[in-house]
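If you're wondering where the values come from, they're calculated on a predicted model, not measured in any experiment. FYI, side chains are in, hydrogens and waters are out, and symmetry mates aren't considered; it's all heavy atoms of this structure. Numbering of residues begins at 1 and proceeds along the displayed sequence.
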Amino acid sequence: MNEGNTINIDSIVRARAGRRARWIPRFATRWLERFIHQDFINTFLSRGYVGVEFCEKGIEYLGATLTIEGLENVPLDAQPLTFVSNHPLGAIDGVALGGIIGRRYDGRVKYLVNDLLLNLKGLAPICVGINKLGAQSRNLPKLVNETFQSDNHVILFPAGLCSRLIDGEIHDIPWSKAFISKSVQNQRDVVPVHFIGQNSPRFYRIARWCKRLRLKFNIAMLTLPDEMYKSQGRHYTVRFGKPIPYQTFDSSRTPAEWALWVEDRVYEI
């Protein structure tokens, strides 16, 4: 057992709150600990898995199963690639892709993720934490450039947020164009990935109300650990498309238009 790998929600919340931490009552963080199933998560984290093994064992711990289609489309001897996926679940989809792609390329993978995930010590070695606010924001361009310039395969969710219920369908919000520009600059082909799954109706209701009320804080994100907990024993399908040569993304469209084009290809897989 490795207690050093576990998380302490009270400490994390207070560290991020800074000077406002003294105003946060302990009963509030106790409630949050129960809501995100801290004990359930820490039982797994204490086992000390790291990197790709963390991802694979995480899926196993949840009892989730995967059907993987089209992986043969992605050559084993490929130059560093950019894997872009829709983001329907907010947790399991990322963990699953890290395990699948990481195993295929002997651990040569890096996620671009919300920096909160760096609190998961076992996952941190294959993550590049992104925080667009605060002091780290000044180093963000450098971090992203170094990641794309490395020999690691990059995994990212260009939507940035978990999929929403849009016009009756589970679909990503419009994708960021950054992966187009960075892939072209660093001559990386782009692999579209379609992850098939969805969260509970509660998640989409909360996300909808957050948008209606124009809340700055993403309350829906707080429910994702509970969504993961409820996903125990579920089955998901992951589909890999053929790599799209970086030369495809020419001046005939803007990077934003190409990002939308790739997003459409993902949902067609």
All N/O donor-acceptor pairs, side-chain side in residues 49-60, below 3.5 Å, sequence neighbours left out:
| residue | atom | partner | partner atom | Å |
| --- | --- | --- | --- | --- |
| E56 | OE1 | R103 | NH2 | 2.7 |
| E56 | OE2 | R103 | NE | 2.9 |

_R202 and E227 ion-paired at < 4.0 Å_ = yes
*asked:* Test of understanding: with salt bridge (charged side-chain N to carboxylate O under 4.0 Å, His left out), list the residues that count as partners of R26, not counting sequence neighbours.
replied: D10, E33
*Just jot down the salt bridge (charged side-chain N to carboxylate O under 4.0 Å, His left out) partners of K211, sequence neighbours excluded, or say none.*
none
*asked:* Can you tell me how far apart CG (L71) and CD1 (I100) are? Round to the nearest 0.5 Å.
replied: 7.5 Å
*Going from CZ on R239 to CD1 on I269, what distance comes out if it is rounded to the nearest 0.5 angstrom?*
9.0 Å
For the [atom1] atom on [X], are there more than 12 heavy atoms of other groups (residues, nucleotides or ligands in this structure) within a distance under 6.0 Å?
X    : atom1 : answer
Q185 : CD    : yes
R212 : CZ    : yes
K230 : NZ    : yes
E169 : CD    : no

Going by side-chain contact (heavy atoms from CB on, under 4.5 Å), name the residues that satisfy it together with [X], two or more places apart in sequence or in a different chain.
X    : answer
S176 : A178
L165 : I170, Y204, R208
A207 : R164, A220

*asked:* Please confirm whether the ring centroid of Y267 lies under 6.0 Å from the ring centroid of H171.
replied: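 Yes, close enough.
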Who pairs with [X] by ring-ring contact (aromatic ring centres under 6.0 Å, His included), at least two apart in sequence or on another chain?
X    : value
W31  : F35
F148 : none
Y111 : none
H37  : Y229

Output side-chain donor-acceptor pairs under 3.5 Å for residues 81-95, partner residues at least two apart or in another chain, one line each.
| residue | atom | partner | partner atom | Å |
| --- | --- | --- | --- | --- |
| T82 | OG1 | S183 | OG | 2.9 |
| S85 | OG | V193 | O | 3.4 |
| N86 | OD1 | F195 | N | 2.7 |
| N86 | ND2 | F195 | O | 2.9 |
| H87 | ND1 | D93 | OD2 | 2.9 |
| D93 | OD1 | G90 | N | 3.1 |
| D93 | OD1 | A91 | N | 3.1 |
| D93 | OD2 | L89 | N | 2.9 |
| D93 | OD2 | G90 | N | 3.2 |

*Can you check whether I7's main-chain N or O pairs, donor with acceptor, with N42's side chain at less than 3.5 Å?*
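Here the side-chain-to-backbone pair exists.
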*In terms of side-chain heavy atoms, does T237 have a donor or acceptor partner in E69 at a distance below 3.5 Å?*
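No, because no side-chain N or O of T237 sits under 3.5 Å from a partner of the opposite role on E69.
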*Other cluster members, Y246 - Ile/Leu/Val/Met/Phe/Trp/Tyr, side-chain contacts below 4.5 Å*: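 Traced through the cluster, Y246 reaches no other member.
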